[in-house]
Amino acid sequence: MISLICVGSQKAGTRWLADMIFQHPNVFQPGIKELHFFDKLKDPINDSSELLSIKLNAQRIRTFKNRLKKNQINFATIVARKIITSGLFDISDYKKILTHGNESGKIGVDITPAYGAMPLQNIRYMHGAMKSSKFIYIIRNPLERAISGYRHSAEIALKKGKRFDSQTAIAEAINKSKYSSHIKNYDSVFEPHSNLLYLSFNHLKAQPLELLKKVENFLDLAPFEGYKSFDKPSHITKKISLDETTLNVFRNELDVEEKFLENRFGPGFI
């Protein structure tokens, strides 16, 4: 039985995909959308048999605790309790979470958009450790994605009452839109037309049901006709204004990324 790992990209419809795919009767919802395992590994070795683990911070441990307390954890509670008690999350835990629904014929899903901008060695380890999984990478116009990402960072800072570091947010937004680096890394690890499917955010917006059928075919899922709210966005980032200087920084940095995507996927993809 396969599992699905959606690797990105941030602000490209991954929350919408989660909201839709978890409605399918043959898909298992672990209870935590973003597991954040592979992106937190520090310099993983290429040997995917190595039992690597990450140390969870207090916030991540609270997430597991709160979900468990509210009965929102759908995988084995023994795994959740082990993670909470030890503060460690290893590859065997990750696999147990994603395969929990396999006995009932369901595929597990991890949708963590941070995976899309991981270093090459992390991608290699993920690929080697999850050989039976399938992967989806949703791609959005680099400039639009960067602007949305920047606004999202500002929105979070305002919501938490923290100072917004605009320069850090600009750098992070640009980095996550550097598809010429990220896609090349994924292409170097995954064979063409294999278990990695690139999807267009434009396609998602224009023809959401058609895109969902494409996902179903990729995952060998039976057709499902009951998707609700497929024509509505799952989250709308607040339209925080950007000054012309910031916009010009984004345009100058990301013009080459648009050209790369056009050459890689063809005109109209973004």
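Basis for what follows: all heavy atoms, side chains included, without hydrogens, waters or symmetry-related copies.
Salt bridge annotation for K178-E253: present, with a cationic side-chain nitrogen under 4.0 angstrom from a carboxylate oxygen. Between K259 and D255 there is a salt bridge, with a side-chain nitrogen of the basic residue lying less than 4.0 Å from a carboxylate oxygen of the acidic one.
The closest donor-acceptor contact from the side chain of R140 to the backbone of K11 lies under 3.5 Å. Judged purely by atom type and a 3.5 angstrom limit, Y137 has no side-chain atom pairing as donor or acceptor with the backbone of L196. T99 places a side-chain N or O within donor-acceptor distance of the main-chain N or O of K95, the cut-off being under 3.5 Å. Without hydrogens or angle criteria, Y115 side chain to F37 main chain gives a donor-acceptor distance under 3.5 Å. Not a single donor-acceptor pair under 3.5 Å links the side chain of H127 to the backbone N or O of Y186. Looking only at distances, a side-chain donor or acceptor of D110 sits under 3.5 Å from a matching main-chain atom of L35. Between the W16 side chain and the H235 main chain, no donor and acceptor come within less than 3.5 Å of each other.
Taking the side chain to side chain contact (heavy atoms under 4.5 Å, CB included) definition, one finds that N202 meets it with S200, sequence neighbours left out. For R62, the salt bridge (charged side-chain N to carboxylate O under 4.0 Å, His left out) criterion is met by no residue, not counting sequence neighbours. Every side chain to side chain contact (heavy atoms under 4.5 Å, CB included) that Q10 has, sequence neighbours left out, goes to P113, R145, H152, K176. Remark: D165 engages no residue in a salt bridge (charged side-chain N to carboxylate O under 4.0 Å, His left out) (not counting sequence neighbours). Looking at residues two or more places apart in sequence or on another chain, you find a salt bridge (charged side-chain N to carboxylate O under 4.0 Å, His left out) between K134 and D220. Scored by the side chain to side chain contact (heavy atoms under 4.5 Å, CB included) test, S194 finds F190, E191 as partners (sequence neighbours excluded).
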Y198 vs R264, side chain to side chain contact (heavy atoms under 4.5 Å, CB included): CA-CA, chis, key distance, verdict: CA-CA 11 Å; Y198 291 113; R264 171 63 178 78; 3.4 Å; yes

Test side chain to side chain contact (heavy atoms under 4.5 Å, CB included) applied to V215 and L199, step by step: CA-CA 9 Å; V215 171; L199 294 174; 3.8 Å; yes

Ring pair (Phe, Tyr, Trp, His ring centres under 6.0 Å) evaluation trace for F38 with Y94: CA-CA 10 Å; F38 297 105; Y94 182 85; 4.9 Å; yes

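If you take CG on L120 and CG on N185, they are separated by 4.5 Å, rounding to the nearest 0.5 Å. Rounding to the nearest 0.5 Å gives a distance of 6.5 Å between CE of M130 and CZ of F135. Atom OG of S180 is separated from atom CG of N263 by 11.0 Å, given to the nearest 0.5 angstrom. With rounding to the nearest 0.5 angstrom, the CD atom of E258 is 9.5 Å from the OG atom of S177. To the nearest 0.5 angstrom, D39 atom CG is 6.5 Å from T112 atom OG1. Note: N141 CG to I139 CD1 = 11.5 Å, rounded to the nearest 0.5 Å.
Remark: the N248 side chain and the R251 side chain contain an N/O donor-acceptor pair separated by less than 3.5 Å. In the model, T246 has a side-chain atom that pairs as donor or acceptor with a side-chain atom of D243 under 3.5 Å.
Clustering ILVMFWY residues whenever any of their side-chain heavy atoms sit less than 4.5 angstrom apart, transitively, puts I2 in the very cluster that holds F22. Both I91 and I78 are part of a single hydrophobic cluster, where members link through side-chain heavy atoms under 4.5 Å apart.
For the side chain to side chain contact (heavy atoms under 4.5 Å, CB included) with I73, the lone residue among I97, L68, N66 that qualifies is L68.
Applying the salt bridge (Lys or Arg N to Asp or Glu O under 4.0 Å) rule to pairs touching residues 147-160 yields nothing, sequence neighbours excluded. Contacts classified as side chain to side chain donor-acceptor pair (under 3.5 Å) and involving residues 22-35 (residues at least two apart or in different chains) are given here: E34-H36. Here side chain to side chain donor-acceptor pair (under 3.5 Å) pairs that include residues 77-87, with residues two or more places apart or in two chains, are K82-D90, K82-D93.
Looking at heavy atoms from C-beta onward, N57 lies in side-chain contact with R60 at the 4.5 angstrom threshold. Within the 4.5 Å cutoff, the side chain of L88 has heavy atoms near those of the K55 side chain.
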Let me have the donor-acceptor pairs involving side chains of residues 203-213, under 3.5 Å, with sequence neighbours excluded, atom names and distances please.
{"unit_1": "H203", "atom_1": "NE2", "unit_2": "E210", "atom_2": "OE2", "d": "2.9"}
{"unit_1": "K213", "atom_1": "NZ", "unit_2": "F224", "atom_2": "O", "d": "2.9"}
{"unit_1": "K213", "atom_1": "NZ", "unit_2": "E225", "atom_2": "OE2", "d": "3.4"}

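For the pair S148 and T237, the tightest heavy-atom approach, listed with the atom from each and the gap, is OG-OG1, 3.8 Å. Taking every heavy atom of both residues into account, S9 and T14 meet most closely at O-CG2, 3.6 Å. Here the closest heavy-atom approach between residue L41 and residue S53 is recorded as CD2-O, 4.1 Å. Taking all atoms of both residues into account, the shortest heavy-atom contact from S3 to L98 is OG-CD1, 3.7 Å. Contact between S229 and M20 at its shortest, heavy atoms only, is O-CE, 3.7 Å. Between N74 and G31, the closest heavy-atom pair is ND2-N, 3.8 Å.
Grouped with I240 in one hydrophobic cluster are L158, the linkage being side-chain heavy-atom contacts under 4.5 Å among Ile, Leu, Val, Met, Phe, Trp and Tyr residues. As a member of the Ile/Leu/Val/Met/Phe/Trp/Tyr network built from side-chain separations under 4.5 Å, I174 groups with L143, I147, Y150, F164, I170, L242, L247, V249, F250, L254.
Note: F28 and H100 have tilted aromatic rings, judged against thresholds of 30 and 60 degrees for the angle between ring planes.
Ring to ring, Y179 and F260 are not that close: their centroids are 6.0 angstrom or more apart.
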